[in-house]
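Written below as structure tokens is the structure these notes are about.
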Amino acid sequence: GEDVEQSLFLSVREGDSSVINCTYTDSSSTYLYWYKQEPGAGLQLLTYIFSNMDMKQDQRLTVLLNKKDKHLSLRIADTQTGDSAIYFCAESKYGGSQGNLIFGKGTKLSVKP
Amino acid sequence: EAGVTQSPTHLIKTRGQQVTLRCSPISGHTSVYWYQQALGLGLQFLLWYDEGEERNRGNFPPRFSGRQFPNYSSELNVNALELEDSALYLCASSYWTGWENGYTFGSGTRLTVV
């Protein structure tokens, strides 16, 4: 496909794990990113993974990368109400030579107490 | 360290008018990127400036333009505003080689065209 694809909504209960999935487009993308956007704010970089890695863990966040299927996922352990936000995945298409990250449309995560 | 700053935070314009949005990157960052975030459309890439030059632009009409100044700050100009230009305009900056750190975004300018 031509676009970075994400499901639009995810709802979980506080304390559960959240898994947000993304399909990207370019096998030459060097880095893949997860950003978080809270209401009325810009985007905050949560984590990234280099394309030669399969997994990266950073405290409650785990990123899994399947290069063969161009699939990226973000797992948030012990999800809290403060994690409610929109999560964007992004790829550095063409190895970054075009200077623009390509973003998905974002997954709105709702955490119910 | 100051983050990416954008001004103004909000503005309302009338269809047909012109608008200028401003962005100051993080100190030391030479690349500035502009994105449009319209409702339901995600982030659409507008422009990339590096070392004062336009390096790439997205699929937007020529009435979207900008520039980067010697201090690496940037302006985005939109002429002949249309209703569908209503969106959050996000500026981001990076070191050109700092891809592992991605981009650092500002909080955006919310433009409403009436």
Side-chain angles (χ1 to χ4, degrees), chain A residues 1-9 22-26 28-53 56 58 63 65 72 74 85-108, chain B residues 3-7 9-10 21 23-26 29-51 53-60 66 68 74 87-110:
Chain A
E2 291 295 318
D3 297 330
V4 176
E5 302 278 354
Q6 298 179 241
S7 53
L8 295 182
F9 300 99
C22 169
T23 304
Y24 62 98
T25 66
D26 184 16
S28 70
S29 289
T30 315
Y31 290 99
L32 295 133
Y33 305 88
W34 284 102
Y35 281 84
K36 176 183 180 182
Q37 186 178 34
E38 298 188 41
L43 275 69
Q44 170 196 356
L45 179 66
L46 277 180
T47 188
Y48 66 90
I49 187 167
F50 189 48
S51 58
N52 69 351
M53 298 169 66
K56 180 180 180 183
D58 184 1
V63 179
L65 176 60
L72 183 72
L74 173 70
I86 301 176
Y87 291 81
F88 293 90
C89 72
E91 61 174 335
S92 56
K93 202 166 181 177
Y94 313 120
S97 64
Q98 301 299 306
N100 55 317
L101 297 187
I102 307 296
F103 288 83
K105 286 188 167 54
T107 300
K108 184 173 184 178
Chain B
V4 176
T5 57
Q6 292 187 244
S7 62
T9 54
H10 297 82
L21 311 181
C23 172
S24 292
I26 286 177
H29 285 189
T30 61
S31 277
V32 171
Y33 314 84
W34 287 94
Y35 281 82
Q36 182 195 65
Q37 186 179 21
L39 200 61
L41 294 180
L43 274 80
Q44 304 293 314
F45 169 69
L46 271 164
L47 289 158
W48 168 34
Y49 291 96
D50 182 67
E51 296 286 358
E53 300 284 332
E54 181 182 303
R55 302 294 185 184
N56 195 15
R57 65 179 292 130
N59 189 24
F60 280 83
Q68 186 180 34
S74 177
L88 181 67
Y89 289 84
L90 292 165
C91 171
S93 71
S94 77
Y95 294 113
W96 165 231
T97 57
W99 285 103
E100 69 272 18
N101 291 322
Y103 299 169
T104 303
F105 280 84
S107 297
T109 295
R110 172 75 62 185

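Labels below follow one simple rule: chain letters A, B, ... track the order of the sequence lines, proteins then strands, and each chain is numbered from 1. Owing to the predicted nature of the structure, the values given are computational and were not obtained by experimental measurement.
- Taken from CZ in A/Phe88 to CD in B/Gln37, the straight-line distance is 4.5 Å, to the nearest 0.5 Å.
- No more than 12 heavy atoms of other residues, nucleotides or ligands shown are found within 6.0 angstrom of CZ on A/Phe9.
- Panel note: side chain A/Tyr35, backbone B/Tyr103; a donor-acceptor pair is recorded below 3.5 Å.
- Here A/Lys105 is the residue among A/Gln44, A/Lys105, A/Gln6 with the most heavy-atom pairs under 4.5 Å with chain B.
- Atom-to-atom distance recorded for B/Leu43:CG and A/Ile102:CD1 is 10.5 Å, nearest 0.5 angstrom.
- To the nearest 0.5 angstrom, B/Tyr33 atom OH is 7.0 Å from A/Leu101 atom CG.
- Within a 6.0 Å radius of CG in A/Asn52, more than 12 heavy atoms belonging to other residues, nucleotides or ligands are found.
- More than 12 heavy atoms of other residues, nucleotides or ligands sit less than 6.0 Å from atom NZ of A/Lys56.
- Of the two parts of B/Leu47, neither the backbone nor the side chain holds a non-hydrogen atom closer than 4.5 Å to a non-hydrogen atom of chain A.
- When heavy atoms are compared at a cutoff of 4.5 Å, B/Gln44 does not approach chain A at all.
- Proximity to chain B (any heavy atom under 4.5 Å) is restricted, for A/Leu45, to the side chain, taken from C-beta onward.
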